[in-house]
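Remarks on the structure that follows.
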Amino acid sequence: MEELQKDLDEVKDLLKKATRKRLYDVLLAEKNKIEREIKNQTPLKLKAESSEEEKTSLTGYVVKINNYAWDQSDKFVKIYITLNGVQHLPAENVHVRFTDRSFDLLVKNLNNKNYTMTFNNLLEPISVEGSSWKIKTDMILILCRKKQEVKWECLTQVEKETKEKEKASYDTSDPSEGLMNLLKKMYAEGDDEMKRSINKAWVESREKQAREEHPLDI
């Protein structure tokens, strides 16, 4: 970067002295080229320095936050994250970055741990400028400002699609088919006791069906 700046200064000096148009045009093109190189390198350098500073400032290991609660008003979606002792941290140790469809949280050096949370593909767009966060006792409150004052049924588009798929799997014109799908889900997600109960009910149901189809002649 320093060498490029020296080249630029020298080209500018030569431009002032140039009297021939062809030479002036060549020097002007070179000047523009060097300025572009300096412009392209500056963000990279700043990014590298920022990344290195971030690494050296983090101590301990990183914990991904999975537990949270959320609520909403007409204007905001509110996410409540419990972190014991977070109110004792310097304010600069808590960072929240918003985009129009996401946010991510980083809490640095809380009891020698770093906590992160990321939400992508929010259900509806939010206002980056209108969103904010607050540090409370043992809690961080993230306020996502809605761009449109509509009610959110969930936080992300993925959650919505998952709910719609589950609803579709049970929403059938055949009630028995819907019941079977529900039982399959309960069996797959249930504990051993739940599975034994479902198996018993299934066997009894099959035996009853068999008796109805083939009654004993008396």
Do you know which two heavy atoms are closest between Lys160 and Glu153, and how far apart they sit?
CE-OE2, 3.8 Å
Taking Asn121's backbone N and O only, do any of them form a donor-acceptor pair with Arg101's side chain (distance below 3.5 Å, no angle check)?
no
Please examine the side chains of Val86 and Asn93, heavy atoms only from C-beta on, and report whether any two atoms are closer than 4.5 Å.
no
Backbone N/O of Met117 and side chain of Asp104: donor-acceptor pair under 3.5 Å
no
Near Gln148 CD, under 6.0 Å, is it more than 12 heavy atoms from other residues, nucleotides or ligands?
no
Contact summary for Asn114 and Asn109, nearest pair of heavy atoms:
OD1-N, 2.9 Å
Within the structure provided, determine whether Trp133 and Leu141 are in side-chain contact (heavy-atom separation under 4.5 Å).
no
Which atoms form the tightest heavy-atom contact between Leu83 and Ile140, and what is the distance?
CD1-CD1, 3.9 Å
Is the distance between the ring centroids of Phe98 and Phe119 less than 6.0 Å?
no
Test: Lys78 and Asp71 ion pair at under 4.0 Å:
no
Short side-chain to backbone donor-acceptor contact, Glu149 and Lys75, under 3.5 Å
no
Apply side-chain contact (heavy atoms from CB on, under 4.5 Å) to the pair Leu105 and Thr116, showing each step before the final yes or no.
CA-CA 5 Å; Leu105 164 71; Thr116 65; over 6 Å; no
Which atom of Ile126 lies closest to which atom of Ser131, heavy atoms considered
CD1-OG, 4.0 Å
Heavy-atom check, side chain of Asn112 versus side chain of Tyr61, under 4.5 Å:
no
Can any side-chain N or O of Gln72 pair as donor or acceptor with the backbone N or O of Trp152 at less than 3.5 Å?
yes
Quick one: closest heavy-atom pair of Val128 and Asp100, and the distance?
CG2-N, 3.7 Å
Nearest 0.5 Å, what's the CG-CG distance between Leu110 and Leu89?
5.0 Å
Of the non-hydrogen atoms in Lys146 and Phe76, which two are nearest, and what is the gap between them?
CE-O, 3.9 Å
Hey, could you give me the CD/CG distance between Glu159 and Leu122, rounded to the nearest 0.5 Å?
9.5 Å
